[in-house]
K.L.:
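A single structure is presented below for examination.
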Amino acid sequence: MQLWQDGLIAMLAAVGLAALMWAVVRTVLFPVSPRRHETVVLIPAQGDAEDLEQQLHALELIRQEQHAFGLILLVDCGLSDEGKKISRLLARRNRSVAVCGSGEIGRYLHCG
């Protein structure tokens, strides 16, 4: 019984040490940029926006892990009525997502 408990404690210690090492490596490799809120990801959305939710989910994971960007901008490049509805729902569900037409992109880019 003692051997089992020692093994469990050693495993937990190794996992804790690995988590601390990853935190240090992540801080060095992916420093939080003060300008990250100015970085915008553009997604050209078309048709019925079939894969849009999966793309947003993947980008959210990147944002949480690497703090790489601020806004995700869904650009209407020929969305159907269903696609427009889906994109508006996704933007309403997430504050960091916005929907615009191709002529409105400049409103979201802060130049100068």
Side-chain angles (χ1 to χ4, degrees):
M1 188 68 162
Q2 182 68 26
L3 181 61
W4 182 81
Q5 290 172 343
D6 289 344
L8 181 63
I9 289 172
M11 182 195 71
L12 290 174
V15 168
L17 184 61
L20 287 173
M21 291 300 294
W22 175 244
V24 169
V25 168
R26 190 173 68 182
T27 301
V28 170
L29 293 180
F30 307 114
V32 177
S33 169
R35 299 178 58 96
R36 84 170 175 98
H37 295 292
E38 297 175 10
T39 305
V40 178
V41 174
L42 297 177
I43 298 180
Q46 300 174 343
D48 288 337
E50 296 90 11
D51 298 327
L52 197 55
E53 189 169 6
Q54 290 83 7
Q55 289 176 339
L56 287 177
H57 180 68
L59 286 170
E60 280 300 318
L61 291 175
I62 293 170
R63 180 205 323 269
Q64 290 172 4
E65 280 291 317
Q66 299 178 7
H67 305 287
F69 51 86
L71 178 68
I72 300 171
L73 187 58
L74 305 177
V75 182
D76 185 347
C77 294
L79 284 169
S80 65
D81 290 338
E82 181 67 21
K84 289 178 183 181
K85 181 178 150 186
I86 290 171
S87 61
R88 283 193 304 265
L89 287 171
L90 291 170
R92 199 174 309 145
R93 193 168 64 184
N94 189 334
R95 290 182 2 189
S96 62
V97 175
V99 180
C100 75
S102 59
E104 302 171 342
I105 296 173
R107 287 185 8 199
Y108 295 91
L109 301 179
H110 305 288
C111 300

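Below, all heavy atoms of this structure are taken into account, side chains as well, without hydrogens, waters or symmetry copies. Computed from a prediction, not measured in an experiment: that's the story for all the values here.
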K.L.:
Atom OG of Ser87 and atom CD of Glu82: how far apart are they, to the nearest 0.5 Å?
P.N.:
10.0 Å
K.L.:
If only atom types and distance count, is the side chain of Gln5 paired as donor or acceptor with the main-chain N or O of Gln2 below 3.5 Å?
P.N.:
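Judged by distance alone, no pair lies under 3.5 Å.
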K.L.:
Any non-hydrogen side-chain atom of Ile86 less than 4.5 Å from a side-chain atom of Asp48?
P.N.:
no
K.L.:
Between Asp51 (side chain) and Gln54 (backbone), is there a donor-acceptor pair under 3.5 Å?
P.N.:
no
K.L.:
Taking the side chain as every heavy atom from C-beta outward, state whether Glu60 and Ser96 have any atom pair closer than 4.5 Å.
P.N.:
yes
K.L.:
Has Thr39 got a side-chain atom pairing as donor or acceptor with Gly70's backbone, closer than 3.5 angstrom?
P.N.:
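It does not hold such a pair.
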K.L.:
If you group Ile, Leu, Val, Met, Phe, Trp and Tyr by side-chain heavy-atom gaps below 4.5 Å, do Leu79 and Val41 land in one group?
P.N.:
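Looking at the clustering, Val41 is in a separate group from Leu79.
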K.L.:
Are the side chains of Leu8 and Met11 in touch, meaning some heavy atoms are under 4.5 Å apart?
P.N.:
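Contact flag for Leu8/Met11 side chains = yes.
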K.L.:
If Ile, Leu, Val, Met, Phe, Trp and Tyr residues are connected whenever their side-chain heavy atoms lie under 4.5 Å apart, and connections chain through other members, are Leu59 and Leu89 in the same group?
P.N.:
no
K.L.:
side-chain contact (heavy atoms from CB on, under 4.5 Å), that's the test. Do Ile72 and Arg63 meet it? Break it down for me.
P.N.:
CA-CA 10 Å; Ile72 300 171; Arg63 180 205 323 269; 3.3 Å; yes
K.L.:
How would you list, by chain and number, every residue that makes a side chain to side chain contact (heavy atoms under 4.5 Å, CB included) with Ile105, sequence neighbours excluded?
P.N.:
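In terms of side chain to side chain contact (heavy atoms under 4.5 Å, CB included), with neighbours along the sequence ignored, Ile105 is linked to Leu42, Leu73, Val75, Cys100, Leu109.
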K.L.:
Which heavy atom of Pro44 sits nearest to which heavy atom of Cys77, and what is that distance?
P.N.:
CB-SG, 3.8 Å
K.L.:
Atom CG in Leu74, atom CG in Asn94: separation rounded to 0.5 Å?
P.N.:
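Spacing of CG (Leu74) from CG (Asn94) equals 9.5 Å.
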K.L.:
Do Trp4 and Leu12 land in one hydrophobic cluster if side-chain heavy atoms of ILVMFWY residues count as linked below 4.5 Å?
P.N.:
yes
K.L.:
About how many Å separate CG of Asp76 and CD1 of Ile43, when rounded to the nearest 0.5 Å?
P.N.:
13.0 Å
